[in-house]
Amino acid sequence: MNAADAPAPLLRVKDLTVEFRTMDGIVRAVDAVSFDIWPNETVGLVGESGCGKTVTGLSLLRLIPSPPGQIINGSIELEGLDLLSLDAGDMEKRRGSEIAMIFQEPMTSLNPVFTIGSQITEVLRRHRQLSQRQARELAASLLAKVSIPDAGRRLDDYPHQLSGGMRQRVMIAMALSCNPKLLVADEPTTALDVTTQAQVLDQMRELQNEFRMAVLLVTHDLGVVAETCQRALVMYCGSIVEAGKTEQLFSSPRHPYTAGLLASIPRIRAERIAELPVIPGRVPDPGNLPAGCRFAGRCSHVQSRCHQERPTLRSVNGNAVACHYPLGADI
Amino acid sequence: MNEFSSVAGARAVNRRNSIWRKVLRKFLADRTGVAGLAAVLVYFVAALGVWCGWWGTDWADLGGSKWEAVSAAHWFGTNIIGQDIFSRAIYATSTAFEVGVVVAVLATIIGGVLGAFAGFFAGSWIDELLLWAMNVLDAIPFYLFVAAVAYSLAGSPYAMHVAMITSFWIGTGRLVRGEVIKLRNMEYIEAAYAIGLSRFMIIFRHILPNTSHILLVQASIAFVSAIKAEVILSFLGIGIRDGMSWGLMIEESTKEVLAGFYNNFIAASLLMFGLVMAFNALSDALQDAMDPRKVA
Amino acid sequence: MQYVLRKMLTGIPLILGVTLVSFALMVYFGPDMTYQLLGKNPTAEQIIEVRHQLGYDQSFIQRYLAYLTELIRLDFGNSSSGEPVRSLLAKTIPVSLILILPGFLLGHILGVLLALAAAFWRGRWADKLIMAIAVIGMSVSFLIVIIAFQILLCSSDGLNLFPVRGWNVQSLPDYLSYIAVPTLATTFVALGYETRFYRSVFVEEMTRDYVRTARAFGLSSRRIFFRSIFKNCLIPIITRVMFSIPQVAIGGSLLIESYFGIPGIGKATYEAIITGDQPVLKAVVSLTAILFVFVMTLNDILYRAVDPRVSLK
Amino acid sequence: ESDQSVHQVSAPPGLKTYRHAMDQAPTSLDPTQAANVYANHVVVNAYDTLYAYKYLARPYQLKPNLAADFPTVSADGLTYTIRIKPGVRFVDDPCFPDGRGRELLAEDFVYSIKRQFDPKNQPQGAWLWQGRIAGLDEWKAAGSDYDQPASGLRAIDRYTLEIRLTRPYPQLVDTFAQGYSAIVPREAAEKYGKALGVHPVGSGPFRLVSYDSSRVVMERNPYYRQEPVDLQAEGYDPVEQAYTGIEAIEGRSPPFLDRLEIDFITESSAAWTSFNKGNEVQFTTVPIEQIDRVLADKNPIRLRPEYAARFHMYSGLEAGFVFTAFNMDFPELGYSPDPERNRRNKALRCAIIKAYDWEARNQSWYFGLATYFPGIIVPVSPEYDPDLSRDSVTLDVAGARRLLRDNGWTPENLPTLVYGTTAGVTERLFFEQFRAWMRAIGFPHDKVVRKTYATFGDISRAWKRGELPLVAKGWGLDYPDAENTLQLFYGPNGSPGSNDANYRNPEYDRLYERSSVMLASPERTAIYRRMNQMVTDDCVAMTGLSRTRIYLWHKNVVAVPDREIVGGFFLKYVDVLPVAQTRPEG
Amino acid sequence: MNAEPLVQVRGLSKYFPIHGGLFRRVVAGLKAVDDVSFVIHAGRTLGLVGESGCGKSTLGRMLLRLQEPTAGQVLFAGEDLTRLDRRQMLAYRQRIQAVFQDPYGSLSPRRTVGQTVREPLDVHRVGTPGDRQQRVDELLAFVGLSAQAAHRYPHEFSGGQRQRIGIARALALNPQFLVADEPVSALDVSVQSQVLNLIVRLQRERGIALLFISHDLAVVQHVSDDIGVMYLGRLVEIAPAGQILTAPRHPYTEALISAVPQIGRRMHSRIVLGGEVPSARTPPSGCAFHPRCPRVMAVCRSVRPVLKKNGDEGSGSVACHLYP
Ligand SMILES: Nc1ncnc2c1ncn2[C@@H]1O[C@H](COP(=O)(O)OP(=O)(O)OP(=O)(O)O)[C@@H](O)[C@H]1O
Ligand SMILES: Nc1ncnc2c1ncn2[C@@H]1O[C@H](COP(=O)(O)OP(=O)(O)OP(=O)(O)O)[C@@H](O)[C@H]1O
Ligand SMILES: [Mg+2]
Ligand SMILES: [Mg+2]
């Protein structure tokens with residue numbers, strides 16, 4: 001296992017491209033996305049609705065619904081092994097044990113007609129040689145770990161008997177159960193109340209340290225990223241437009257989109273301001289993307305080059321940014 | 001900051017009813033569905049011709065002798081009293097459409113309206129009453145119910161229609177009710193209340209139009225069911241009274257097939273199979289195209 | 001238990017409704033038996049006499065109330081052939097049940113199996129083939145299937161394997177030979193509908209979020225499919241099976257019974273309708289209503305057994 | 001305890017079983033309901049009647065059955081004395097004190113006829129004796145108390161009956177061959193009440209095993225009286241009937257079967273298939289649609305060799321006919337107070353009769369095998385006149401059109417012809433054919449309409465209430481005497497009686513009344529024929545047609561089947577040979 | 001504060017029946033909203049925050065008379081709305097309007113935007129049909145949509161645009177009071193601010209009083225003059241916006257503020273509440289917050305605190321035993 005500062009990343013995604021065949025033609029939901037994740041690191045993936053966050057997360061586990069979706073290009077290397085080259089059965093075995101994913105909707109993500117105990121033990125027994133009793137005991141201890149009171153009895157509860165926060169914690173317990181190296185968490189707290197969200201995020205962070213896994217935290221909430229992630233990736237229209245260490249990215253964003261996003265989120269301020277800064281316009285239609293920079297239509301610094309040429313990700317002052325004219329860069 | 005014109009306005013303006021357009025586009029992409037539609041249209045033209053008197057007019061004439069074989073004069077031969085089977089089969093097409101359309105339209109309207117009322121007033125006595133009525137009618141086995149209606153309205157040529165409508169609206173009613181219970185909690189209904197719309201206006205302006213996908217699909221199912229039921233009912237002697245239908249032809253044929261005369265049987269069952277098959281394909285494609293989860 | 005009781009109580013209005021509607025249709029406005037009971041050269045006086053005997057000269061309310069008291073006593077007297085209705089039912093219902101049961105079970109079981117296959121290989125050729133056959137099956141009229149099967153399997157023009165008609169069952173081979181063709185025909189026709197219905201249930205369930213969750217934790221698709229999804233699908237399956245029981249038990253076999261000349265309840269009822277045999281009709285109608293209420297209750301109980309979300313409410 | 005539904009055993013091997021097919025199920029086996037051949041097939045085999053028709057004689061002839069002899073009739077023709085055979089026993093049944101059938105006595109006959117006058121039984125046979133046997137109507141009016149006597153119907157001792165009539169009734173003995181007059185023991189009727197309809201207790205050749213809407217199963221009545229068959233007396237015709245092998249039963253006592261099954265198979269195709277299989281029903285009437293496949297020749301009727309090799313065949317005309325009468329009470333085409341209109345209406349009716357294409361009907365429905373004839377005396381009646389003019393049954397479209405034109409009928413003023421039928425397919429095609437014929441003489445398509453009725457009961461109601469201008473019906477003879485069809489046009493029989501045409505012709509009525517008390521004689525025949533001519537001349541009905549029945553039965557069955565007049569009498573004479581002996585494999 | 005407030009809510013409560021037993025009798029009441037009182041002055045905004053299920057929407061719906069209160073009064077310009085019958089209420093519907101949460105669910109998918117915006121005008125028969133058309137165009141322009149938009153269907157618009165259509169509909173009748181139930185919660189961050197700006201603008205330009213419901217304090221504070229905090233059906237604190245954010249008094253308010261994720265702050269400073277949000281079906285005794293409260297006292301378990309005016313330190317009220 002690699003140490004956090006070791007040069008070899010845990011996950012190396014290169015040029016990942018995912019397309020969907022839809023009624024409106026082919027939609028490229030993820031377009032040549034590349035990024036790395038190092039062991040025991042939390043990486044935030046932020047962006048607006050529909051920019052391809054979930055699809056990116058799903059493709060790491062090869063769970064893109066197919067048809068209509070298909071990974072058409074790129075590689076996903078987990079500890080040097082290209083997941084895309086595995087056969088289906090092999091991949092199945094690695095899901096859960098090496099790479100796991102949890103989802104946004106705690107209400108529907110658990111099977112309503114089985115007890116949570118049986119759902120957790122099923123996962124446990126799939127990946128480890130355990131007896132039913134051992135699995136059950138382990139499940140109870142996992143539930144206790146995610147601070148579910150009275151865990152032993154709760155195992156016999158059905159999902160609908162739990163609150164949203166508890167369900168999400170059950171999901172986390174399931175994710176931890178087989179000790180994966182990478183957990184993809186797709187908006188795990190978005191459906192929860194703020195106070196519950198705080199609880200769950202706290203818990204995730206603690207457990208991550210205990211179990212030493214890497215987390216790819218998918219969210220649209222910049223605040224959450226700022227508070228929990230070491231590094232962040234900002235996506236816009238299927239591509240990563242900026243990436244870097246969280247503090248630096250948020251304190252001195254290079255991409256106009258990142259900057260606009262940061263400015264426009266309402267935050268608790270001492271003074272009421274007359275008008276929030278906005279990013280004008282809307283995200284372009286995924287089936288009808290502009291030729292040049294996809295943000296060009298909404299960008300306040302747009303120049304003619306932006307309409308013709310697509311910028312690629314390059315390093316600017318420590319951040320990686322895909323912009324011809326990054327902010328605060330001296331060109 | 002009028003970004004509307006910059007992004008969406010670039011597309012053609014005033015494309016009315018574009019939700020239906022989207023449905024249409026999806027539908028047209030479905031090859032079996034389109035083939036079904038084409039076949040249904042062919043049948044429809046056949047039926048139309050009968051209504052307009054272009055063909056099939058001699059279905060009641062004794063134009064030949066008994067059980068003539070297939071010939072240029074009689075494409076499907078003649079029946080036991082010398083009537084032209086082809087004309088009768090074509091004429092029966094119009095009957096099928098008549099029965100299908102009358103039953104489908106009325107059953108759908110009744111089911112839609114009553115279902116919408118039940119769903120809208122779910123939990124109240126109106127709903128209870130309508131649910132009760134649905135259960136009551138559901139509890140009576142279909143063919144027995146139809147037979148009972150047919151015999152109690154004996155002599156009326158529409159007994160069969162009445163019976164089918166009375167039983168077919170229930171399916172639609174239940175589906176619409178379920179959908180309306182969902183719709184009822186949509187915020188646009190609340191918005192309509194907030195504006196001051198009366199409940200009736202809400203039902204007719206906001207709720208029913210939003211069940212149109214169910215109504216259309218249900219109507220197409222009712223159409224097929226009506227045609228198929230007609231055959232069995234006519235066989236049982238409680239279907240079409242005067243005129244010609246595939247059911248009557250099959251009824252005629254049940255004795256003939258053992259005499260080795262298959263023309264009535266083949267003509268009617270093939271034509272009917274074709275239409276039902278086409279319509280099934282059509283309604284499947286419609287169902288897919290109109291699935292709200294896949295549309296809006 | 002309390003629940004069952006409540007359910008049964010709510011069944012009372014249903015029974016009243018069913019009996020009222022059917023009474024009005026079948027008995028009150030139904031065929032007039034008078035003229036069938038008259039001789040070849042009747043007099044006006046005899047007509048009045050027979051009408052009185054049959055109770056036709058009473059008001060609707062009187063007759064309906066009389067019917068309800070019969071319903072409470074569960075005694076409907078004698079059919080027009082003179083046979084006590086009870087023994088008529090005791091004779092015909094078992095026949096209908098064992099006649100229709102194999103087809104009923106086969107239709108549902110095969111339907112579920114085919115639907116499972118189609119849903120499992122969704123989008124592949126197996127799915128397409130199964131669904132194409134299902135649509136074909138749905139498009140053929142039951143009547144045509146019966147006629148065709150009878151010619152093919154029972155007549156000397158065809159294979160001549162099974163009896164054409166009748167019901168002379170003393171042993172298992174007898175039974176099998178008599179039900180073979182009806183069962184084939186019913187199964188053939190039902191299969192299309194069942195397969196399609198169940199497939200859509202399975203497919204719908206396959207798109208649920210929890211399936212994706214299970215996959216994300218590495219459970220095999222087979223296991224997800226046959227364990228997790230299947231249990232969730234039990235509810236619509238149970239509902240469909242349950243609610244087709246009254247239909248097949250009383251009316252569903254009508255066509256089969258009349259075509260194959262099998263003395264079952266469907267045929268008896270149909271004949272009672274066309275002749276206006278009131279006692280039989282009353283009994284069948286009451287039975288249907290009671291069976292329906294029973295099935296509804298049973299369905300709810302099973303529903304609760306399967307779906308934990310319901311049982312707590 | 002002999003619960004019948006329980007031991008519904010199939011034919012155990014070794015039992016001699018005959019499976020008969022019939023196209024309809026009886027609705028009840030109670031003699032009071034024995035209104036048709038279907039019921040009679042069972043009733044006359046479960047019960048005894050005083051008289052019966054001879055097995056083989058055609059035209060039909062009566063013979064004593066339970067009666068020891070023909071009745072002794074008083075000179076005025078009003079008092080009949082009948083002796084019955086002693087020692088006849090009812091079958092064993094729990095209704096009898098010790099479960100053993102007791103002896104049948106003259107009193108039982110009295111009781112059984114009274115049952116036809118007891119409204120509780122909803123009897124259908126009373127019309128045969130109403131107003132004829134003295135005292136029965138009074139007995140009914142007094143409350144139908146079986147312990148009260150009826151003056152005209154008495155048992156003078158255990159084995160002797162005395163019947164007194166109000167007026168001569170030459171057909172009385174025929175009525176005692178009907179299922180209606182079958183003899184029921186009082187114990188059974190009282191014990192079973194309505195259920196007697198499914199639980200016959202009689203003294204006939206067979207006893208019931210089981211009965212439902214698809215078949216009846218009977219077994220030999222072990223007590224049935226031993227009466228060796230005398231073929232000569234039964235009217236055996238060696239030339240015509242020897243092929244059936246019927247001589248084998250000479251001198252033996254019926255019944256010869258251990259077990260008799262009658263399958264009620266409504267669909268003739270199903271009956272045919274079942275028959276052809278060889279191991280199911282052993283008798284069928286040839287379904288009309290099979291004629292071309294089965295017959296090599298129609299005149300005379302001959303089977304194709306492959307069928308002739310396997311089956312025996314008998315063919316003959318039915319004892320009955322079909323006809324369509326006008327309801328004369330409809331002023332649009334019947335009697336009108338206006339003499340001018342009356343005249344035009346008659347012309348209209350005559351034109352319709354001319355347009356009626358009996359030949360086409362015969363060809364399409366009966367493969368040309370039926371016989372159509374003018375008037376209402378059917379060919380099997382002894383009084384039938386083969387030389388009658390056939391004008392009224394000959395298609396004459398031109399003549400019909402001329403008649404209409406000459407009498408001022410135009411498509412606009414023609415009345416609408418409402419043709420009532422039941423819902424069957426044949427009925428509908430009959431109608432379509434009729435409509436096409438009427439269109440040929442100028443009726444617009446929508447002036448010939450069909451009105452369907454759910455059941456035969458419902459259409460009878462419409463007829464009896466005079467709601468339909470056309471009455472299309474069939475009539476099966478109750479006894480072989482033209483009186484049985486002539487009464488169909490007798491004025492006082494008007495609706496709701498059997499004269500659905502409501503034909504009222506004083507002259508006809510006078511002749512009918514005169515002939516109805518006459519015994520068969522050339523004089524009576526002449527009167528019958530005059531009446532027949534009147535009906536024809538007045539253009540009251542399109543008539544008539546008698547169908548040819550073709551019966552087939554397996555070669556191992558020894559029988560001459562029949563279903564006319566009463567129906568079912570032949571069953572007790574049926575014998576079955578071991579299969580191997582007779583069945584050539586084809 | 002000057003003059004009479006435009007909206008006064010007094011002791012408003014809503015209990016939903018809980019059924020049980022053999023005949024489904026009502027066995028208990030679910031207190032979705034329990035004895036809530038506050039006022040809103042013309043042209044001012046009250047922000048209402050609280051966690052899911054605490055009764056915010058129910059409260060909003062009662063103000064709109066979409067739901068009948070179990071108890072209490074809603075005075076609008078001095079008139080008690082809860083007493084009006086359907087007909088009388090119709091007149092007030094013009095003056096009180098609503099904006100809803102779900103940009104997808106609040107517009108009828110089978111009606112064009114024009115029809116939707118015009119519908120209130122048609123119902124209340126405002127002006128001639130020509131006037132109405134013109135008014136629709138004006139409204140669409142006001143919310144930043146072109147006139148062509150009127151002919152299109154909702155699904156062709158983005159969430160933010162739809163929310164603006166909803167606002168246009170609410171403004172059609174020139175209301176004096178607007179209830180906005182989570183109008184931006186379903187929107188993306190970059191669009192959220194567009195809509196928030198619009199709401200601020202219409203409030204400023206038209207002087208509309210606003211009840212702004214949200215679960216997100218950051219959003220609420222941006223538009224509100226005063227902020228009310230709800231917990232399990234009860235108002236636990238209400239105070240001017242600046243004050244509540246800088247000096248929250250109720251421990252729940254404190255926790256809520258600290259739980260909002262903030263850029264430029266690491267998690268350590270946060271107050272994390274233990275336990276789960278209790279269900280409104282089985283509310284805890286005493287102060288409903290006590291099982292989760294970091295500063296719980298013995299009295300909290302048994303005595304339910306009432307909403308009391310803050311004595312000295314600024315305006316506002318709080319319901320907590322910490323502040324006797
Ligand atoms: N099953 C699918 N079929 C067709 N297109 C899809 C499908 N799933 C995703 N897409 C397309 O992929 C794009 C990215 O979707 P994705 O779900 O990854 O967005 P997201 O960033 O997770 O958004 P959100 O914040 O709403 O969850 C969408 O624009 C959508 O058009
Ligand atoms: N029609 C109803 N019948 C029964 N209970 C209801 C009904 N409507 C709401 N409730 C209950 O009332 C309580 C308050 O609901 P409400 O919708 O007002 O909460 P909310 O604060 O708006 O929540 P959210 O943030 O989820 O929108 C909840 O516990 C809810 O379950
Ligand atoms: Mg997503
Ligand atoms: Mg809410």
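Chain identifiers are assigned alphabetically (A, B, ...) following the order of the sequence lines, protein sequences preceding nucleic acid strands; residue numbering begins at 1 within each chain. Small disclaimer: the values here were computed from a predicted structure and weren't measured.
- For the atom pair OG of S190(E) and CG of L262(A), the computed distance is 12.0 Å after rounding to the nearest 0.5 Å.
- Within the model, atoms CD1 of I265(A) and CG of D188(E) stand 12.5 Å from one another, a figure rounded to the nearest 0.5 Å.
- Contact detail for P266(A) and V219(E): the closest heavy-atom pair is CG-CG2, 3.7 Å.
- For L261(A), the part sitting under 4.5 Å from any heavy atom of chain E is the side chain, from C-beta outward, and nothing else.
- Contact annotation for V189(E): both backbone and side-chain heavy atoms come within less than 4.5 Å of a heavy atom of chain A.
- V194(A) pairs with exactly one of D216(E), L217(E), L256(E) by the side-chain contact (heavy atoms from CB on, under 4.5 Å) rule, that one being L256(E).
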Side-chain donor-acceptor pairs under 3.5 Å in residues 49-57 of chain E, sequence neighbours left out?
residue	atom	partner	partner atom	Å
E51(E)	OE1	T195(A)	OG1	3.3
E51(E)	OE1	Y252(E)	OH	3.0
E51(E)	OE1	R292(E)	NH1	3.3
E51(E)	OE2	T195(A)	OG1	2.0
K56(E)	NZ	G50(E)	O	3.1
K56(E)	NZ	E51(E)	O	3.2
S57(E)	OG	D181(E)	OD2	2.9

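- Judged by distance alone, with hydrogens and angles left aside, the side-chain atoms of Q194(E) form a donor-acceptor pair with the main-chain N or O of G281(A) at under 3.5 Å.
- In this structure, the portion of L196(E) lying under 4.5 Å from any heavy atom of chain A is its side chain and not its backbone.
- The 12-atom threshold is not exceeded at CZ of R153(A), counting heavy atoms of other residues, nucleotides or ligands nearer than 6.0 Å.
- From H215(E), atom NE2 reaches atom CD of Q197(A) across 8.5 Å, with rounding to the nearest 0.5 Å.
- By the ring-ring contact (aromatic ring centres under 6.0 Å, His included) test, H222(E) is found to be paired with no residue, residues two or more places apart in sequence or in another chain being considered.
- The residue among P277(A), G165(A), G164(A), S264(A) with the most heavy atom pairs within less than 4.5 Å of chain E is S264(A).
- Counting all heavy atoms, side chain and backbone alike, V278(A) lies closest to N197(E) at CG1-ND2, 3.2 Å.
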